[in-house]
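Residue numbers begin at 1 in each chain, while the letters A, B, ... track the order of the sequences.
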There are 2 protein chains.
Amino acid sequence: VISARDLTKVYHMGDVDVHALRGVTLEVQAGEFIAILGASGSGKSTLMHIIGCLDRPSGGEYVLNGEQVSHLSRSALAGVRNRFIGFVFQGFNLLARTSAVENVELPLIYSGLGTQERHRRAREALERVGLADRMDHHPSQLSGGQQQRVAIARSLVNKPALLLADEPTGNLDTKTSLEIMDLFHELNAEGMTIVLITHEADIGAHARRRITLRDGLIVGEEGTR
Amino acid sequence: VISARDLTKVYHMGDVDVHALRGVTLEVQAGEFIAILGASGSGKSTLMHIIGCLDRPSGGEYVLNGEQVSHLSRSALAGVRNRFIGFVFQGFNLLARTSAVENVELPLIYSGLGTQERHRRAREALERVGLADRMDHHPSQLSGGQQQRVAIARSLVNKPALLLADEPTGNLDTKTSLEIMDLFHELNAEGMTIVLITHEADIGAHARRRITLRDGLIVGEEGTR
Ligand SMILES: Nc1ncnc2c1ncn2[C@@H]1O[C@H](COP(=O)(O)OP(=O)(O)OP(=O)(O)O)[C@@H](O)[C@H]1O
Ligand SMILES: Nc1ncnc2c1ncn2[C@@H]1O[C@H](COP(=O)(O)OP(=O)(O)OP(=O)(O)O)[C@@H](O)[C@H]1O
Ligand SMILES: [Mg+2]
Ligand SMILES: [Mg+2]
């Protein structure tokens, strides 16, 4: 479902070039559960943004679901993302002025579902991450780990075929982290493809395949498909 | 240096009351290195905000450095914080429109230091957290772990007597986390009092004393002073 070849990403900053990705080749089959590990600054989030069609590579090719992504217009990319991909961002990216449940409903706005059904699905997603009693809180009225869980609930509400989760347990205690990993296992068993970015080996161990990035290159791979 | 007695914090949300702290009593001696552990939502960040004079408790008393904090005006509190306390926030709280080095210089603005000295100290703090080559990047041009390290550098630049760090390694890989913990040990050996909030037992093990919060109450304590 993901076929990336020789991806490079260079940020030009005046007279300095930052090579965030230096030639990454990666294939992910439908239904896989794969973890991307690596040190801070190794290029994990950059790779996820390209895989999720949020950013274009400087070089290389990327085919998602058989479509050559570089040929798609911005609005076509937005459509692909909305129908097909769920995102959990490292910084959560919640809307500050709306409640938890409204934040979770957001991906459903263009889905054609009625207001009642949107609200019901958002509530259900929040219950699944243990936040049934925090639905009307705004992000600033939530703990760090609760904000992270709202971001997780939001990523799942559209029932995406592909989940891209960037450090989804970084702010969670062990027990809550395991509850989230159980949820991911459940969804993966139902067919969801999961790409999980994490710097924690314990969390990476939940995936069936692990890829390690260093300085923008894949330096290791182990596990099975 | 910290003497908190029966602290409570209640958030009133319409017809619902959220009891974030339900009576926390805590004493921290100068030079201690203490970790506060607990599940997501247990009250750790709320406690830190009260200890750091960023928020007032609903009940109980708090004495910092011999001063009854409830008697201080807002500007007196701001002065105490600026001279005495370094903060690493769970969400970093960096200014988006300024560079890493300018973000780190911020606590020095009212210190009476000249521009050159401020800049030198900020550069040095960034070097200590491994970001010498990222000084002019803005937060959006930094990885999550790099943003976290800018927040750590900023907390130390005023050489505070008390460091309050909320999940300072949440976005860092193991090697970088250990580098940060080594830095904290160094500073603690030089006399800095450190209160570290973490949900990771491995990180909490670096402190000499560990306190566990659950549902706004201290339920466990172990270690030495
Ligand atoms: N917009 C940008 N402009 C310049 N450099 C950037 C930009 N975004 C990222 N970088 C740099 O690219 C490198 C890779 O960043 P990336 O966010 O992918 O790392 P990461 O592996 O996700 O790190 P972390 O584990 O800390 O989140 C970093 O060194 C970062 O400073
Ligand atoms: N402004 C607020 N209004 C209402 N409730 C709040 C507010 N701030 C925090 N809370 C609630 O208080 C409780 C404690 O929050 P706190 O941020 O202290 O938790 P925490 O232990 O730091 O959690 P985490 O490990 O997830 O960061 C949470 O249940 C949260 O929903
Ligand atoms: Mg990242
Ligand atoms: Mg917190």
Between CD on residue B/Glu200 and OG1 on residue A/Thr174, distance to nearest 0.5 Å: 8.0 Å

From CZ (B/Arg214) to CG (A/Asp173), nearest 0.5 Å: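 Separation between the atoms: 11.5 Å.
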
Crowding at CZ, A/Arg5 (>12 non-hydrogen neighbours, <6.0 Å):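 12 or below, so no.
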
Partner chain A: residue of B/Ser143, B/Gly14, B/Ala201 with the largest heavy-atom pair count (under 4.5 Å): B/Ser143

Close approach to chain A in residues 32-49 of chain B, criterion heavy atom under 4.5 Å: B/Gly38, B/Ala39, B/Ser40, B/Gly41

Contact leader toward chain B among A/Met13, A/Arg149, A/Lys175, where contacts are heavy-atom pairs under 4.5 Å: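 Of A/Met13, A/Arg149, A/Lys175, A/Met13 has the most heavy-atom pairs under 4.5 Å with chain B.
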
Contact listing (chain B partner; residues 131-138 of chain A; heavy atom under 4.5 Å):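 So the qualifying residues are A/Arg134, A/His137.
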
Toward chain A, the part of B/Gln141 with a non-hydrogen atom under 4.5 Å: side chain

Atom group of B/Ser177 that falls short of 4.5 Å from chain A, counting heavy atoms: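 Contact with chain A: none, neither part.
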
A/Asn171 versus B/Gln90, side-chain donor and acceptor atoms under 3.5 Å: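 Present: a donor and an acceptor within the cut-off.
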
Side chain / backbone / both / neither for A/Val18 at chain B, heavy atoms under 4.5 Å: side chain

A/Gln148 portion near chain B, given a 4.5 angstrom heavy-atom threshold: neither

